[in-house]
Amino acid sequence: MAGTSNLSFILNKPLDVEFQERPRPTLKSPHDVIVAVNYTGICGSDVHYWQHGAIGHYVVKDPMVLGHESAGTVVEAGAAVTTLKVGDRVALEPGYPCRRCRACLGGHYNLCPDMVFAATPPYDGTLAGFWAAPADFCYRLPDAVSLQEGALIEPLAVAVHIVRQAQVSPGQSVVVMGAGPVGLLVGAVARAFGATTVVAVDIVPSKLEFARSFAATHTYLSQRVAPEENARNILAEAGLPAGADVVIDASGAEPSIQASLHVVRVGGTYVQGGMGKPDITFPIMALCLKEVTARGSFRYGSGDYKLAIDLVAAGRIDVKRLVDGVVAFKDAEEAFRKVHGGKVIKILIAGPNEKIEGDKLDTAAPAAAPAPAEGAAEAAGCC
Ligand SMILES: NC(=O)c1ccc[n+]([C@@H]2O[C@H](COP(=O)([O-])OP(=O)(O)OC[C@H]3O[C@@H](n4cnc5c(N)ncnc54)[C@H](O)[C@@H]3O)[C@@H](O)[C@H]2O)c1
Ligand SMILES: OC[C@H](O)C(O)[C@@H](O)CO
């Protein structure tokens with residue numbers, strides 16, 4: 001990739017974005033690398049910041065570069081970097097922790113209170129020409145993994161972390177609420193971990209159709225009925241009269257969280273991956289009486305990126321199938337509109353120094369675009 005532009009896609013305030021040529025970042029530590037960003041996917045949280053300017057207590061007060069699902073090419077390496085060299089293709093882990101606090105030293109760096117995380121205010125994101133980061137948070141892609149696949153390692157790592165939190169083991173049944181990118185990837189990782197039944201649940205039929213073709217063994221179209229009734233229907237559909245071993249919420253939607261506690265079996269596991277409304281009515285008696293193990297899942301930690309890359313490299317998870325198209329950097333806002341409109345699963349934005357012609361995918365089989373579901377994420381009370 002030639003080019004030296006550090007053109008950046010910046011959110012000033014809700015629905016107000018602009019392109020700005022910013023100074024190229026420099027090495028701040030001999031352990032850092034500078035990466036030219038080749039491709040970036042759009043996450044629901046980027047769209048939420050664009051629409052609302054805030055997620056919970058993270059409020060965009062100053063202009064912020066969007067984007068955190070990226071892959072790129074190393075263009076400069078600090079003197080102390082031994083693991084990467086100029087020209088290496090890498091998946092970017094977009095957050096790096098302090099390495100000194102109790103969470104970091106306890107092996108849970110994703111919970112570091114001083115995490116510097118791309119496109120989470122006040123930190124700039126990766127929709128720019130270049131990104132500077134510690135070398136150990138940039139993962140070399142094997143030859144078998146393309147740069148476009150590299151941009152999907154971030155959401156896949158989210159899914160890996162969720163499935164690890166759930167401790168999914170061979171032969172288990174797993175119900176996944178929500179068939180957006182995270183839910184789809186959770187289903188695929190659960191299959192890779194040996195789950196024999198994976199049920200995808202959503203409110204949009206076309207998303208379920210895609211889920212069935214991707215990793216789900218069963219699907220269920222959630223109805224506007226009581227959570228207990230949806231739960232009974234899910235279990236009947238999947239042939240799980242005693243309940244599911246594991247239920248994972250990847251929707252953030254209150255009704256699906258409520259149904260989840262009625263879907264999980266006695267002694268089963270529930271993991272909250274979706275980020276919707278901060279407070280909901282939760283069936284706590286079901287949790288108690290069934291002795292459910294409930295866990296949260298936040299971003300990714302030790303080993304998650306590596307496993308995500310290994311799963312793609314080994315051909316166990318075909319992340320390319322989620323990509324509907326690739327757009328030029330100048331079309332970033334239009335790509336955000338498409339994602340917000342629910343018309344696509346993933347769109348990749350090429351870096352400003354990347355030359356692309358049309359919707360240039362490195363895959364022969366783009367995903368079938370789901371039917372429009374304007375504001376589906378909003379309906380779930382996203383983020
Ligand atoms: N835990 C983390 O670290 C982490 C990281 C990334 C994303 N997230 C969150 O995970 C969730 C999924 O992310 P995504 O990118 O796939 O988002 P998405 O909005 O594309 O997917 C959510 C899906 O849930 C479906 N849905 C809405 N209401 C539902 C209901 N009542 N029952 C079943 N399905 C319903 C929607 O139709 C949609 O397909 C979001 O809440 C996101 O904020 C969490
Ligand atoms: O994948 C990472 C997530 O998008 C982020 O943690 C975001 O949702 C909150 O900052």
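Note that this is a predicted model, so its numbers are computed, not measured. Indexing begins at 1, ligand by ligand and atom by atom, following the structure's order.
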For this session: Would you please say whether a donor-acceptor pair under 3.5 Å links the side chains of Gln272 and Tyr270?
Result: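 On atom types as modelled, these side chains qualify, holding a pair under 3.5 Å.
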Exercise. Just checking, any donor-acceptor pair under 3.5 angstrom between side chains of Asp202 and Tyr220?
Worked result: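 On atom types as modelled, these side chains do not qualify, holding no pair under 3.5 Å.
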For this session: List in chain and number order the residues that pass ring-ring contact (aromatic ring centres under 6.0 Å, His included) with Trp50, two or more places apart in sequence or in another chain; answer none if no residue qualifies.
Result: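 So Trp50 forms a ring-ring contact (aromatic ring centres under 6.0 Å, His included) with Phe336.
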Exercise. Is there a heavy atom of Val158 sitting under 4.0 angstrom from any atom of ligand 2?
Worked result: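 A heavy atom of Val158 does come that close to ligand 2.
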Exercise. Does even one non-hydrogen atom of His68 get within less than 4.0 Å of ligand 2?
Worked result: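 Yes, that is the case, since the closest heavy atom of the residue is under 4.0 Å from the ligand.
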Considering the heavy atoms of [X], write down every atom of ligand 1 situated less than 4.0 Å from one of them.
| X | result |
| --- | --- |
| Gly178 | 23 (C), 24 (O), 34 (N) |
| Gly273 | 1 (N), 2 (C), 4 (C), 8 (N), 9 (C), 10 (O), 44 (C) |
| Val204 | 37 (O) |
| Gly274 | 9 (C), 10 (O), 11 (C), 41 (O) |
| Phe298 | 3 (O) |
| Lys207 | 38 (C), 39 (O) |

Problem set entry | ligand 1 contact on Val158 by region, counting heavy-atom pairs under 4.0 Å |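 Side chain only; the backbone of Val158 stays clear of ligand 1.
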For this session: Step through it carefully: locate the ring centre of Tyr49, locate the ring centre of Tyr58, and say whether they are under 6.0 Å apart.
Result: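 No, they do not, as the ring centres are separated by 6.0 Å or more.
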Exercise. Do you reckon Val271 sits in the same ILVMFWY cluster as Ile234, going by side-chain contacts under 4.5 Å, direct or chained?
Worked result: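 Different clusters: Val271 never reaches Ile234 through Ile, Leu, Val, Met, Phe, Trp or Tyr contacts under 4.5 Å.
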Exercise. If you measure from each heavy atom of Arg299 to ligand 1, is any distance below 4.0 Å?
Worked result: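 Yes, Arg299 has heavy atoms under 4.0 Å from ligand 1.
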Exercise. Heavy atom of Ser45 under 4.0 Å from ligand 1?
Worked result: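 Checking ligand 1 against Ser45, which is what was asked, there is no heavy-atom contact under 4.0 Å.
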Is the shortest distance from a Lys or Arg side-chain nitrogen in [X] or [Y] to a carboxylate oxygen in the other one below 4.0 Å?
| X | Y | result |
| --- | --- | --- |
| Asp16 | Lys13 | yes |
| Arg337 | Glu334 | yes |
| Glu76 | Arg24 | yes |
| Asp136 | Arg99 | yes |
| Asp124 | Arg22 | yes |

Among [options], which one puts a heavy atom closest to [atom]?
| atom | options | value |
| --- | --- | --- |
| atom 9 (C) of ligand 1 | Gln223, Met275, His68, Arg224 | Met275 |
| atom 20 (O) of ligand 1 | Pro181, Gly44, Gly183 | Pro181 |
| atom 21 (O) of ligand 1 | Gly180, Gly276, Ala157 | Gly180 |
| atom 11 (C) of ligand 1 | Ala253, Gly296, Ala250 | Ala250 |

For [X], take its heavy atoms, then give the atoms of ligand 2 lying under 4.0 Å from any of them.
| X | value |
| --- | --- |
| Met275 | 8 (O) |
| Ser45 | 4 (O), 7 (C), 8 (O) |
| Cys43 | 4 (O) |
| Arg299 | 5 (C), 6 (O), 9 (C), 10 (O) |
| Thr120 | 10 (O) |

Problem set entry | Residue from Val186, Asp304, Leu185 passing side chain to side chain contact (heavy atoms under 4.5 Å, CB included) with Ile162 |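 The passing option is Val186.
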Exercise. Under 6.0 Å from the six-membered ring centre of Phe117 and within 45° of its axis: does the NZ or CZ of Arg299 meet both?
Worked result: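 Satisfied, under 6.0 Å and within 45°.
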For this session: Please determine if Glu154 has a nitrogen or oxygen closer than 3.5 Å to a nitrogen or oxygen of ligand 2.
Result: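 Among all N and O atoms of Glu154, at least one is under 3.5 Å from an N or O of ligand 2.
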